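Only a predicted model underlies this, so the values are computations on that prediction, with no experimental measurement involved. Note on naming: letters A, B, ... go to the chains in the order of the sequence lines (proteins, then strands), and numbering restarts at 1 for each one.
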Protein chains: 4
Amino acid sequence: MARNAEKDLQQREQRMNDILDAAIEVMAVKGVGSASMQHIAGAAGISIGNLYHYFKSKEEIFAEALRRGQTGYGEFVRSVADGPGDARAKLLTIAENWLALGNSWAHTILIHTARLSEASEELRRDVTGRFTVNLQPVAAIIAQGQAEGTAPEGDPLELAFYFTSLIQGLTLQRMPGSEVPVPMRASSVVDLFAGRREALDRRRDA
Amino acid sequence: MARNAEKDLQQREQRMNDILDAAIEVMAVKGVGSASMQHIAGAAGISIGNLYHYFKSKEEIFAEALRRGQTGYGEFVRSVADGPGDARAKLLTIAENWLALGNSWAHTILIHTARLSEASEELRRDVTGRFTVNLQPVAAIIAQGQAEGTAPEGDPLELAFYFTSLIQGLTLQRMPGSEVPVPMRASSVVDLFAGRREALDRRRDA
Amino acid sequence: MARNAEKDLQQREQRMNDILDAAIEVMAVKGVGSASMQHIAGAAGISIGNLYHYFKSKEEIFAEALRRGQTGYGEFVRSVADGPGDARAKLLTIAENWLALGNSWAHTILIHTARLSEASEELRRDVTGRFTVNLQPVAAIIAQGQAEGTAPEGDPLELAFYFTSLIQGLTLQRMPGSEVPVPMRASSVVDLFAGRREALDRRRDA
Amino acid sequence: MARNAEKDLQQREQRMNDILDAAIEVMAVKGVGSASMQHIAGAAGISIGNLYHYFKSKEEIFAEALRRGQTGYGEFVRSVADGPGDARAKLLTIAENWLALGNSWAHTILIHTARLSEASEELRRDVTGRFTVNLQPVAAIIAQGQAEGTAPEGDPLELAFYFTSLIQGLTLQRMPGSEVPVPMRASSVVDLFAGRREALDRRRDA
DNA sequence: GATGAATGAGCGTTCATTCAT
DNA sequence: AATGAATGAACGCTCATTCAT
């Protein structure tokens, strides 16, 4: 062992993260269809062959990027659900985080791409499974909102499904070159699922 | 002679429609990535060379299919908006039409694909433009709902944008192999934008 | 139908034969390992992409070349078995035909390659099946030789197996660059399976 | 120090043997085409980089494995030739040793592969040279058989060539997945080159 | 000696598009 | 109009070999 095993492992981990970031980056900048191994390798600053020392196929790269993105989102949304604040504030935090450009945008695109592509059955199942799991914290927030009198009636899980689908759907409308000339505001979206108090009041007064 | 020319033109039109149908069909059945010119030609029952007598590129085929699909949807949604009934019934008609599997499903996927792909700037602009135009009738319905007291407050166009994005987002969740195990009901979706009267009444009574 | 269908078919058939010949040629001249699609296409005078209009994979090319070669050999050996002459003369015809350089040599190499390569189970089964079938006429000749008193005792099929294996084994020794400096004479080989009359006589007299 | 150097040398020798064994093993188990440096290193339990401290190329590994195999076979066949027993018993020993599955089988495949591959001129010459040298002891046995009246007439070297080619040819027929459904018995093979006494007697009596 | 990351040419294959008939 | 042969660039991936540690 002339080598530092621990350092090697750290470097390997770092490289894998670089590659995943590069994959997301390429997709976001040059388009999903152009995310070839060639491009990813170039963006990561390594050779094509070396890519295969870290991931054994293109699919694995995307699967891992997806897993990372969905897991991160899952942790985020769970921490929001478990944190302090009323339902409306929580949903607003989630919506704003999602609609803000950056990593989350590219990750959402990745999810859509995985669904649209000829991805393996397994990958699609995994993505759908994590998507479903990540619905739970949102459902909990909706239930909280119903208890607080701000959320509409109905199955909280179903409403969480709609909330998430709406935000994902909106994300697609933000593709560069496809911007719809209509404002997209997190607060307005959240109003649908946890109405602003004054709005409800006014409506109630009517 | 004049009749022959006219007949030729009709035949040509018919062929083009057959090809577009075949393109949508192939995409829906075999997956977006598998919609090669070879497959489209096969599904349309003509040779690959002949395909190029009707459309000068693959992009043109998809652009035309998109145009046709969006135009059809636009006419449908305008006829609904201009027709009789309250806002809730109108939105329900639109949502049910969209969420029902069939042609509309494949067309929605096509729109998403166009946005995600390396499509030309022009194609993306056209798609976005027609999408925006098609928002108007929905906005009119929302405005009607606001007048009727069932729709939430806010810019009708913005709400129409959310309504459409939600339904498109939900469509993606119906990709074969990616079915999320949560019910997806048009009436529940519409409730968000044009609440059921009894629900509002109950809320008001509270 | 602006095209001559029959001529097209003939041309296609001709091209396929050209490609198979080119594949054999490349293998024989440049070595088995160098028989890449690139090389085959070059030898056949067409582009790589066009190769795939005639054969859907490299394996199919080799499978077809094998089938052609084994079928041709089978017909040849059957016609010899059914023809006139004593067993020794028949075996001599077969051995001489095989050991003479030319097409048959390259085909034999192909059979060996198929067995040594990572070829599909199906291909190996087919090759073995045809090999076994082609053993029958040789076995018939051996049986004839036994009736004539020139062939050794034993199961004719087993002896035919040895005869064929011997000749195939010898073929391998003729690879360019591997020539063993020992004479290889069809008549001597045949002597083992259908001894020359005078030799037997002399032995009997001893 | 001197002892350390000697021990180092022994260790190195041992490692080289391990690697050669691993190479043969991989080839026999996973197929010739799958014997990549990666696989060989794995089977030998060392890293791919370390492989190159013992052999400077893949070709050298195979050349050395061939040399070792052929040399071992040469020693074996020479010891048989120089040992006691009649020619028939000696040939039987050789044939049975070869046809029995195990190391010798894989070595034979290696020889064939070397001949079929793009191996260097030098390697092919070496293989052929050793092959030819190894023919001598067999020729001596054949000559002994001729003196004993069991072997057919003819040049002993030529007959040894046929005997060896036959057995090598038969080895090819034993590739897993290519088994020809015909018995393959060493005694029957040997009968062709050193007939069983009783068979000859019967023939003589006829 | 030992490691495995790194390279890059090459592989088999696909596919939108062109063109002679 | 209609055909399908022909092209060639690009794809995902493999692998023998080199090199810094």
Write down the partner of dA2(E) under the Watson-Crick or G-U wobble criteria, each distance required to be under 3.5 Å.
dT21(F)
Any base atoms under 4.0 Å from Y54(D), or only sugar-phosphate, or nothing? Heavy atoms, all strands.
sugar-phosphate
Pick base, sugar-phosphate or nothing for I46(A), based on heavy-atom distances below 4.0 Å to the nucleic acid.
sugar-phosphate
Do you know the tightest heavy-atom contact between L66(B) and I111(B)?
CD2-CG1, 3.5 Å
Complement of dA16(F), any strand, by Watson-Crick or G-U distances under 3.5 angstrom:
dT7(E)
Please table the atom pairs, donor to acceptor, closer than 3.5 Å between any side-chain atom in residues 25-35 of chain B and protein atoms at least two apart or in another chain.
| from | atom 1 | to | atom 2 | distance (Å) |
| --- | --- | --- | --- | --- |
| K30(B) | NZ | H39(B) | NE2 | 3.2 |
| S34(B) | OG | E118(A) | OE2 | 2.9 |
| S34(B) | OG | K30(B) | O | 3.3 |

Salt bridge flag under 4.0 Å for residues R15(C) and D8(C):
no
5'-most by nearest nucleotide on DNA chain E - A35(C) or R12(A)
R12(A)
S36(A) and K58(A): which non-hydrogen atoms are nearest, and at how many Å?
CA-NZ, 4.2 Å
Looking at every heavy atom in both E59(C) and S120(C), which two are closest together, and how far apart are they?
OE2-OG, 2.6 Å
Under 4.0 Å, heavy atoms only, any strand: does S47(A) hit a base, just the sugar-phosphate, or nothing?
base
Between D18(C) (CG) and dA5(F) (C1'), how many Å, whole number?
14 Å
Grab the CZ-C1' distance between F55(A) and dA5(E) for me, whole Å please.
15 Å
To the nearest angstrom, the CG-P distance between L51(B) and dA16(E) comes to 10 Å
Nucleotide dC19(E), atom C1' - distance to CG of N50(B) in whole Å:
14 Å
Among dG12(E), dA6(F), dT17(F), find the nucleotide with the atom closest to the side chain of K58(C).
dG12(E)
Could you state the atom-to-atom distance from CD of Q14(A) to P of dA5(E) in whole Å?
15 Å
Between K56(C) (NZ) and dT14(E) (C1'), how many Å, whole number?
15 Å
Candidate nucleotides dT17(F), dC11(F), dC15(E), ranked by approach to the side chain of S36(A) - the nearest
dC11(F)
Nearest whole Å is fine: how far is dA2(E) P from D8(A) CG?
17 Å
salt_bridge(R67(A), E64(A)) N-O dist < 4.0 Å
yes
If you pin S57(C) and E59(B) to their nearest nucleotides in DNA chain E, which one's is more 5'?
S57(C)
Choosing from dT14(F), dA16(E), dA2(F), which nucleotide comes nearest the side chain of M37(B)?
dA16(E)
Between dG1(E) and R15(D), is there an OP1 or OP2 to side-chain N/O distance shorter than 4.0 Å?
no
Record whether the side chain of H53(C) comes under 3.5 Å of the base of dA6(F) through a donor-acceptor pair of N or O atoms.
yes
Out of dT14(F), dA16(E), dA5(E), minimum distance to the side chain of Y52(B) belongs to dA16(E)
Strictly by Watson-Crick or wobble contacts shorter than 3.5 Å, is anything paired with dG12(E), and which nucleotide is it?
dC11(F)
Nearest-nucleotide check on DNA chain F, H39(A) vs Q11(C); residue mapping nearer the 5' end is Q11(C)
dA16(F) C1' sits how many Å from F62(D) CZ, rounded?
12 Å
